[in-house]
2 protein chains.
Amino acid sequence: MDDLNRLIVGYLLRDGRATFQEIGDAVGLSAPAVKRRVDLMRARGEIAGFTAVVDPHVLGWEIEAYVEIFCHGNVSPDALARDLGTIPEVVEVATVTGDADAIVHVMAASMAGIEASVERIRASGRVERTRTSVVMSRVIDRPARPTGG
Amino acid sequence: MDDLNRLIVGYLLRDGRATFQEIGDAVGLSAPAVKRRVDLMRARGEIAGFTAVVDPHVLGWEIEAYVEIFCHGNVSPDALARDLGTIPEVVEVATVTGDADAIVHVMAASMAGIEASVERIRASGRVERTRTSVVMSRVIDRPARPTGG
DNA sequence: ACTGAAACTCCCGGGAA
DNA sequence: TTCCCGGGAGTTTCAGT
């Protein structure tokens, strides 16, 4: 991963549909050279793909919440992935330091969907209790952190 | 926002660099027809843009944290956006119900970067105290929630 | 449908191991 | 020499009107 690739990635983050020629002009490479590098990065998994950036409301995901989960004893990330991976509303899971064992980001079409998801989270394995913070308004949401996939 | 547009968006979420013709074949439209619809959705802001999906580590954002912030009195989303928008490491901000007033997602290149960001968050305006949960491992990170921008 | 432009695929040249 | 990487031209496909 050299600086040239970083430049190309930076360009693609700002405009995922930029032409290879356009990128090439920006970084000082020919279009085929850019394509080769992009193909390589895709093959290596450094670029997972390309996606449209969509207002979540458009997709019908109206409500979201952050659920802190507190577990019995130790939690392995693998177990978490296994237990929570089957819940479609679960969009993000990260084990964290501090009070909680993990933070789960949930998105659903309605409050009932959030409730059901939290219920499923509770039911899954070692979860002792949860603490839910429902999002009232999303103030900042930057593309700096691509969500992977 | 009709079903046809939803189909098109769905296709673009899976492949942000799909050609209009390819999308047209999938949804039963001609390429120009697809383009007109996509242009309209972009103009309306339903599609905010297109971006590459990148492994965050590749960009040098090695460490992330969730910072709950507790404020004096009321917090307006606008004020939050103004105060926190200038901190580049701040990737997500959402006002929430529950204990905290808002949850801030921070990504940085190092723990020092996280620390500096939290310091800046504290310094900005009405923040009374913060509670930081550093991410140990990101277990699930789904593309279902496009990150906006 | 038509025009211009971009993508894709060769093959070639130069520099480093 | 061998391998890697970038440049260039021809062909096909796509974008835009």
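Since we're looking at a predicted model, the values are computed, not measured. Chain identifiers are assigned alphabetically (A, B, ...) following the order of the sequence lines, protein sequences preceding nucleic acid strands; residue numbering begins at 1 within each chain.
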Indicate yes or no: does K35(A) engage D39(A) in a salt bridge with an N to O separation below 4.0 Å.
yes
Under 4.0 Å between a Lys/Arg side-chain N and an Asp/Glu carboxylate O for E128(A) and R122(A)?
no
Given protein heavy atoms under 4.0 Å, the one-letter contact record of nucleotides 9-17 of chain D, with B base, S sugar-phosphate only and - none, is simply -----SSSB
So if I define the base as every atom that isn't primed, P, OP1 or OP2, how would nucleotides 11-17 of chain C read as a B/S/- string at a heavy-atom cutoff under 4.0 Å?
-------
Look up atom [atom1] in [X] and atom [atom2] in [Y], then write down how far apart they are to the nearest 0.5 Å.
X: E68(A); Y: R129(A); atom1: CD; atom2: CZ; answer: 8.5 Å
X: I103(A); Y: H105(A); atom1: CD1; atom2: NE2; answer: 11.0 Å
X: S110(B); Y: E115(B); atom1: OG; atom2: CD; answer: 9.0 Å

Residues passing the side chain to side chain contact (heavy atoms under 4.5 Å, CB included) test with L29(A), sequence neighbours excluded, are L4(A), V27(A), A33(A), V34(A), R37(A)
Applying side chain to side chain contact (heavy atoms under 4.5 Å, CB included) between R120(A) and each of V106(A), L84(A), I87(A), report the one that passes.
I87(A)
Would you mind listing every salt bridge (charged side-chain N to carboxylate O under 4.0 Å, His left out) that reaches into residues 96-112 of chain B, with sequence neighbours excluded?
R131(A)-D99(B)
Can you name the residues that form a salt bridge (charged side-chain N to carboxylate O under 4.0 Å, His left out) with R126(B), not counting sequence neighbours?
D83(B)
In dot-bracket form, 5' to 3', how is DNA chain D paired? Count Watson-Crick and G-U wobble pairs only if both distances fall under 3.5 Å, and write | where the partner sits on another strand.
|||||||||||||||||
Can the positive tip of R17(B) be found less than 6.0 Å from the middle of the six-membered ring of Y11(B), inside 45° of the ring normal?
no
Distance in angstrom units between F50(A) CZ and dA7(C) P, rounded:
12 Å
